[in-house]
S.K.: 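Sharing a structure, written as structure tokens. Questions coming.
All values reported here derive from a predicted model rather than from experimental measurement. The figures here come from the full heavy-atom set of this structure, side chains too, leaving out hydrogens, waters and symmetry mates.
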Amino acid sequence: MITFLICLTLLVAAYFVYGKYLEKVCGISMVHKVPSESKFDGVDYVPMPMWKTFFIQLLNIAGLGPIFGAVSGAAYGPVAFLWITFGGILFGAMHDFVAGVMSLREGGMSLPDIIKRYLGRGMGWFNLIFTVGLMVLVGAVFMSQPAALMAGWLPESASAWLNEMTGGATINGFSTPIICMMAIILVYYIIATLFPVDKIIGKIYPVFGFALVAMAVGILGVLLFAGRYTIPELDFENHIADPSKFPIFPTLFITIACGAISGFHATQSPIMARCLTNEKECRPVFYGAMISESIIALIWAAIAMAFFGDVEGLNTELYTNGKAAAVLVDVIANETLGRWIAYLVMFGVVGAAITSGDTAFRSARLMIADAFGIEQRTLWKRVAVCLPIFALALFIILATDSQTLWRYFAWFNQTLSVFTLWAICIFLVRRGKPVVIAMLPAIWMTYICSSFLFTGQQMLHLSPVLGNILAGVLTLLITLYFIYVFNSEARNAKTQA
């Protein structure tokens, strides 16, 4: 348990130490006007209390990632603790905080427009397509996964009746009850995406956010005080069932995304950047929400390793018995917290997934509207932007199996963080700030995503040696290009001075 406690302490301390340092780097000040004041529109630019924006941001970025991703990543062993901790502090929370500040300073600008401003027009348009694609994937994943869980809550008689009505027909492996749940979720997504941010998101998200934190605290209490579970100490062995197929590098860093660093988070920051009432709220809302998510991921990784006896026991459940992470979370919650509290836990899990899905669609709407200058005060214009997005998500769900969908979502997610990290580097260089705080994470994630692209089972699947050499060459070329850009930016700054 010592490794776990050290990691937990580091995460908490980072908010007060590294988070404070990042405030100074970005020059956070109460003097600057915020978008909710300068661009108020009653739909997306709406001031909200900080406690609400914190919980909404946490729900926006969390989804299934810090729970299911952490449980799956725990199968690699205690080395997962290191990635969650140092990734969360130095990569993810820094990424979320500075991206949030950049959006705030640019009037609540969406991520593709931020990329365009700092990485160039061509990269901005490419990133718009890439990012909207990721938003659709997020919406699709977070529509199908919670629908499967919700279908399991239906009474047997209701499920039997639905299956009888359709003759037991399935679409891409989805049973009739699951499809019905997806339809209900989709209706909610449409409503939440179109309505003003304070009418639905501002009212129900804080409740789900509190539930997400409460269930993590409950699991933490079981780990610390129940005396029934032993959390393994740090080792660097790959404990996964098939190490040659799933090497720690790069697969672990793709599997655990939301608990360490996730490109999806930077797409959500503009939503809350448009609702903050002053710049001082950036640290709790952006850095604090990511640290909270890392803590949640750390707790779920720990209970996953300890609950089944050891990491090998977890691997048996995941790979030998073929149980999904959602099923294991349900089992863990029932056994550790009791039946009725477990219901609340799974309600929180489903809520976290659904709320990330609807804000993904909302982000896609805002990105497209911002890129093409489509004002969003008028309802029919919001509908016109949203309908193609929802149609594409439904097509993907019904045409792709869930495992393949999740794998591509994970790679898209981490690759998006690469774009954002390099944009953050330019942001820092232009202001004469220490670029190393973003450059090292940018280089690392460029290599991770390149390596997975070349070697991943569902990607190009080259040999590990060749794939990693190609990833190294690509990363080196990208790094050299940005060093050249940094020098050009520095020369321009001197000329202007």
Side-chain angles (χ1 to χ4, degrees), residues 1-15 58 62-89 92-93 211-241 248 252-253 255-261 290-319 323-338 341-342 345-346 348-349 352:
M1 185 176 287
I2 294 175
T3 303
F4 171 76
L5 291 177
I6 290 174
C7 289
L8 183 62
T9 302
L10 287 172
L11 283 167
V12 174
Y15 173 80
L58 178 60
L64 299 172
I67 303 171
F68 292 0
V71 170
S72 298
Y76 289 86
V79 69
F81 290 151
L82 294 185
W83 174 230
I84 292 171
T85 303
F86 293 104
I89 294 170
L212 184 67
V213 173
M215 69 181 180
V217 171
I219 296 293
L220 177 61
V222 169
L223 285 170
L224 296 181
F225 305 115
R228 288 179 288 168
Y229 303 109
T230 302
I231 304 173
E233 300 298 347
L234 179 64
D235 66 54
F236 294 94
E237 179 184 350
N238 188 349
H239 292 262
I240 209 159
I248 288 177
L252 171 64
F253 302 93
T255 303
I256 299 180
C258 292
I261 182 172
M290 180 59 214
I291 289 294
S292 298
E293 185 177 23
S294 293
I295 291 172
I296 292 169
L298 188 75
I299 291 169
W300 277 101
I303 192 65
M305 292 182 205
F307 182 83
F308 298 101
D310 51 26
V311 182
E312 282 65 33
L314 171 62
N315 273 285
T316 298
E317 294 295 324
L318 279 173
Y319 296 102
K323 294 181 179 178
V327 174
L328 301 188
V329 169
D330 192 18
V331 171
I332 291 170
N334 273 286
E335 291 291 329
T336 58
L337 299 177
I341 297 179
V345 168
M346 296 311 295
V349 169

S.K.: What's the separation between atom CD1 in Ile332 and atom CH2 in Trp300, rounded to the nearest 0.5 Å?
M.R.: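 One finds 6.0 Å between CD1 of Ile332 and CH2 of Trp300.
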S.K.: Please step through side chain to side chain contact (heavy atoms under 4.5 Å, CB included) for the pair Tyr319 and Ile240, ending with a clear verdict.
M.R.: CA-CA 9 Å; Tyr319 296 102; Ile240 209 159; 3.5 Å; yes
S.K.: Any idea which heavy atoms bring Ala297 and Gly259 closest together, and the distance?
M.R.: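 Scanning both residues completely, I find the closest heavy atoms to be CB-CA, 3.8 Å.
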S.K.: Please report the C-alpha distance between Glu317 and Val331 in whole Å, then the side-chain angles of each, then the deciding distance to 0.1 Å, and finally whether the side chain to side chain contact (heavy atoms under 4.5 Å, CB included) criterion is met.
M.R.: CA-CA 11 Å; Glu317 294 295 324; Val331 171; over 6 Å; no
S.K.: Tell me the closest heavy-atom pair linking Pro232 and Val311, and the distance in Å.
M.R.: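 Looks like CG-CG2, 4.2 Å.
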S.K.: With sequence neighbours excluded, what pairs up with Ser72 under the side chain to side chain contact (heavy atoms under 4.5 Å, CB included) test?
M.R.: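 Ser72: side chain to side chain contact (heavy atoms under 4.5 Å, CB included) contacts with Thr255, Ala325.
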S.K.: Does any non-hydrogen side-chain atom of Ile296 lie less than 4.5 Å from one of Met215?
M.R.: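 They are not in side-chain contact.
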S.K.: Taking only residues two or more places apart in sequence or in another chain, which ones pass side-chain hydrogen bond (donor to acceptor under 3.5 Å, both in side chains) with Thr336?
M.R.: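 Result, side-chain hydrogen bond (donor to acceptor under 3.5 Å, both in side chains) vs Thr336: none returned.
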S.K.: Taking ring-ring contact (aromatic ring centres under 6.0 Å, His included) as the definition, give me every residue that meets it alongside Phe253, ordered by chain and number, with sequence neighbours left out.
M.R.: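 Phe253 satisfies ring-ring contact (aromatic ring centres under 6.0 Å, His included) with Trp83, Trp444 once adjacent residues are dropped.
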S.K.: Applying side chain to side chain contact (heavy atoms under 4.5 Å, CB included), run through Val222 and Arg228 and close with a yes or a no.
M.R.: CA-CA 8 Å; Val222 169; Arg228 288 179 288 168; 4.1 Å; yes
S.K.: Of all residues at least two apart in sequence or in a different chain, which pass the side chain to side chain contact (heavy atoms under 4.5 Å, CB included) check with Thr316?
M.R.: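 Side chain to side chain contact (heavy atoms under 4.5 Å, CB included) list for Thr316, sorted by chain: Thr320, Asn321.
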S.K.: Identify the two heavy atoms, one from Cys258 and one from Met290, that lie closest to each other, and give their separation to 0.1 Å.
M.R.: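 Result for this residue pair: O-CE, 3.3 Å.
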S.K.: Could you tell me which residues satisfy side chain to side chain contact (heavy atoms under 4.5 Å, CB included) with Asp235, sequence neighbours excluded, listed by chain and number?
M.R.: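 Residues passing side chain to side chain contact (heavy atoms under 4.5 Å, CB included) with Asp235: Pro78, Glu237, His239.
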S.K.: Any idea which heavy atoms bring Ile84 and Ala301 closest together, and the distance?
M.R.: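 Shortest heavy-atom separation between Ile84 and Ala301 comes out as CD1-CB, 4.0 Å.
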S.K.: Hey, what do you get for CD1 (Ile291) to CG (Leu58), rounding to the nearest 0.5 Å?
M.R.: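 Between atom CD1 of Ile291 and atom CG of Leu58 there are 12.0 Å.
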S.K.: Check side chain to side chain contact (heavy atoms under 4.5 Å, CB included) between Ala304 and all other residues, then give those that pass, not counting sequence neighbours.
M.R.: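 Here the qualifying residues are Val71, Ala74, Leu314.
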S.K.: Would you mind writing out the side-chain donor-acceptor pairs for residues 2-9 within the sub-3.5 Å range, not counting sequence neighbours?
M.R.:
{"residue": "Thr3", "atom": "OG1", "partner": "Glu233", "partner atom": "OE1", "Å": "2.7"}
{"residue": "Thr3", "atom": "OG1", "partner": "Leu234", "partner atom": "N", "Å": "3.1"}
{"residue": "Thr9", "atom": "OG1", "partner": "Leu5", "partner atom": "O", "Å": "2.8"}

S.K.: Report the distance from atom CG of Leu252 to atom CD1 of Ile256, rounding to the nearest 0.5 Å.
M.R.: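 The distance works out to 5.0 Å.
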S.K.: If you take all heavy atoms of Thr85 and Leu11, which pair is closest and at what distance?
M.R.: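 Nearest pair, atom of Thr85 first, then Leu11: O-CD2, 3.8 Å.
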S.K.: Any chance you could measure Met305, atom CE, to Leu223, atom CG, to the nearest 0.5 Å?
M.R.: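 Met305 CE to Leu223 CG: 11.0 Å, rounded to 0.5 Å.
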S.K.: Output all residues satisfying ring-ring contact (aromatic ring centres under 6.0 Å, His included) with Tyr229, sequence neighbours left out; order by chain, then residue number.
M.R.: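 In terms of ring-ring contact (aromatic ring centres under 6.0 Å, His included), with neighbours along the sequence ignored, Tyr229 is linked to Phe307.
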S.K.: Nearest 0.5 angstrom please: Leu328 CG to Ile67 CD1, how far?
M.R.: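 Answer rounded to 0.5 Å: 13.0 Å.
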S.K.: Nearest heavy-atom pair of Ala75 and Leu318: which atoms, and what distance?
M.R.: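 That would be CB-CD1, 3.9 Å.
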S.K.: To the closest 0.5 Å, what do you measure between CD1 (Ile303) and CD1 (Ile219)?
M.R.: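 Between Ile303 CD1 and Ile219 CD1, I get 5.5 Å after rounding to 0.5 Å.
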